[in-house]
Amino acid sequence: MPAKGKHRRPKSSPISRGMVAAGTGGAALAIPLLGATGAHAAVKTAAPATAPQQAARTLPAAAAAAPQAAPTTYKVKSGDCLSQIAEDHRLGGWQRLYQDNREVVGSDPALIRPGMKLVLGAKSQAGAVSHGSAKASGSHDSGTKASAPRTSKASGTTADTASAPAAKQGSSSGFRAPLDSVSIGTPYRMAGSMWSSGYHTGVDFAAETGTAVKAVGAGTVVSAGWGGAYGNQVVIQHADGMYSQYAHLSQLSVSAGQTVTEGQQLGLSGATGNVTGPHLHFEIRTTPDYGSDVDPLAYLRQQGASL
C-alpha cells in the first residue's frame, strides 16, 4: 500500500530536461551561435583572397620607389668613338649609348666630335624601371585584356629597336682598308717628339713604293697634291661628313672635285714628304685639316671594314 500522506514526485528523465532546456532558451541561443560560427568561417576563407590583391597593389609602388642611378655625363675627347666609350664604361654595346644620345650625336653614330657631352646609362636604366612598373601594374587586369596590349607594345618596340641598328649597318657598309694587304707599322696616337702635335695623328701601313692605295669608302676628293710634310696626299670627304687622308704617295691618280667609289685607286704609295722610308700614312678627320684626327682603325671597323 502507498504510504499515507506522502506523494512521490515522478522523476523526469535527463532526456526530457535536455529537451526543455532546448525548448526554453536553447533555440534562441543556437541561432546566434550558428550565425557567429558561419561568419567566423567566412572571414577566414576571405582573408587569403585579399593577400594577392594587396601584394599586387604593393608591387608597382615598390617598383616606382626603386632608386635610379644618377645621370653620368661624359665629355668626348679627340680620338673617341662610341664603341670604345661603351666598352670602357660597361654600357652593354654602342647601340644603347647611341640611342640614349641620338639627339646630341645626330643621325650618324660614327660622327662624334670632341666636346660633345654624352649621358651614360641613365636613360636606359630609367626605361627599364618604367617598363617593369607597367608590367607589374598590368597584373591587375584580366589575362586577355592585359596580355594583348603588352604583346602589341613589346612587338612594336622590338621592331623599332631592331630596325634602327639594321638601317645604320646598311648605311655604314661599303668601307674597306686602304691597302689590299694590311700590315700596321706606327699606331695611332703614339707619343713622340718627331711629330709637331706630340703624337702620331694617324696610322702607318707598311707598303713598298708603288703599292696601289685605294679609297676606304665612296666620297668626293677635296684635295689632291703636295701637302708639305705629308708629301703627295689625297683627302676625301665621305657621305657622313668625315674625311680620310692618304699621304706620302709617289703618284696621284685622282684630282680635286672628283667623285670616287669604295676601293677605287687613288695613287701609289711612296716616300714623299717628311719620312724615313716608304709607307702609307692614313688618317680619319672630322674636318679636312690637320688637328681634327680621330682613331682611324676604330672608325673603319665601326663602318664595317675588316681589319
Side-chain angles (χ1 to χ4, degrees), residues 77-85 87-88 110 112 114 172 174-219 221-238 240 242-254 260 262-307:
K77 303 186 297 293
S78 177
D80 277 344
C81 62
L82 292 182
S83 58
Q84 189 61 49
I85 296 171
E87 181 179 348
D88 291 345
I112 60 173
S172 63
F175 276 74
R176 50 156 293 155
L179 300 175
D180 291 334
S181 179
V182 174
S183 177
I184 297 174
T186 306
Y188 175 61
R189 291 193 72 85
M190 180 176 180
S193 59
M194 70 282 293
W195 297 296
S196 59
S197 61
Y199 67 91
H200 194 220
T201 55
V203 60
D204 287 347
F205 292 99
E208 295 295 332
T209 299
T211 303
V213 175
K214 301 180 178 180
V216 295
V221 178
V222 295
S223 67
W226 187 256
Y230 288 114
N232 293 320
Q233 66 167 358
V234 174
V235 177
I236 297 174
Q237 182 180 22
H238 300 284
D240 60 3
M242 299 294 279
Y243 297 80
S244 58
Q245 181 211 25
Y246 314 76
H248 307 310
L249 304 182
S250 61
Q251 181 179 320
L252 301 178
S253 304
V254 293
V260 296
E262 176 264 326
Q264 182 174 334
Q265 183 169 319
L266 306 176
L268 302 177
S269 64
T272 58
N274 186 13
V275 296
T276 57
H279 68 278
L280 170 66
H281 176 84
F282 175 76
E283 291 188 22
I284 291 293
R285 300 170 173 177
T286 58
T287 74
D289 304 317
Y290 170 82
S292 61
D293 52 279
V294 298
D295 188 337
L297 297 185
Y299 172 81
L300 291 180
R301 291 183 181 120
Q302 198 169 35
Q303 300 305 310
S306 299
L307 293 172

Show me, pair by pair, the donor-acceptor contacts under 3.5 angstrom made by side chains of residues 222-232, not counting sequence neighbours?
unit_1	atom_1	unit_2	atom_2	d
Y230	OH	E283	OE2	2.9
N232	ND2	L249	O	3.1

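- Ring orientation note: the planes of H238 and F175 are tilted relative to one another, at an angle of 30° to 60°.
- At a threshold of 4.5 Å between non-hydrogen side-chain atoms, the residues L268 and T211 do not count as touching.
- Residues V221 and V235 fail the side-chain proximity criterion, which asks for heavy atoms closer than 4.5 Å.
- Side-chain contact between I184 and F205 is present, with heavy atoms from C-beta onward closer than 4.5 Å.
- For the pair V216 and F282, the minimum side-chain heavy-atom distance is below 4.5 Å.
- Here D180 pairs with R176, K214 under the salt bridge (Lys or Arg N to Asp or Glu O under 4.0 Å) rule; sequence neighbours left out.
- By the 4.5 Å heavy-atom criterion applied to side chains, L280 and D204 are not counted as neighbours.
- Taking the side-chain contact (heavy atoms from CB on, under 4.5 Å) definition, one finds that A177 meets it with V182, L307, sequence neighbours left out.
- The closest side-chain heavy-atom distance from T209 to S250 is below 4.5 Å.
- Among T201, D293, D295, the one residue that satisfies the side chain to side chain donor-acceptor pair (under 3.5 Å) test with Y188 is D293.
- Side-chain contact between H200 and H281 is present, with heavy atoms from C-beta onward closer than 4.5 Å.
- Residues passing the side chain to side chain donor-acceptor pair (under 3.5 Å) test with Q84, sequence neighbours excluded: D88.
- Judged as a side chain to side chain donor-acceptor pair (under 3.5 Å), and not counting sequence neighbours, the contacts of S292 are T287.
- Every residue two or more places apart in sequence or in another chain that forms a side-chain contact (heavy atoms from CB on, under 4.5 Å) with P187 is listed here: M190.
- By the 4.5 Å heavy-atom criterion applied to side chains, V260 and I236 are counted as neighbours.
- At least one cation-pi condition fails for R285 and Y243: the charged atom is not both under 6.0 angstrom from the six-membered ring centre and inside a 45 degree cone around its axis.
- We find the OG-CG distance between S306 and L300 to be 10.5 Å, quoted to the nearest 0.5 Å.
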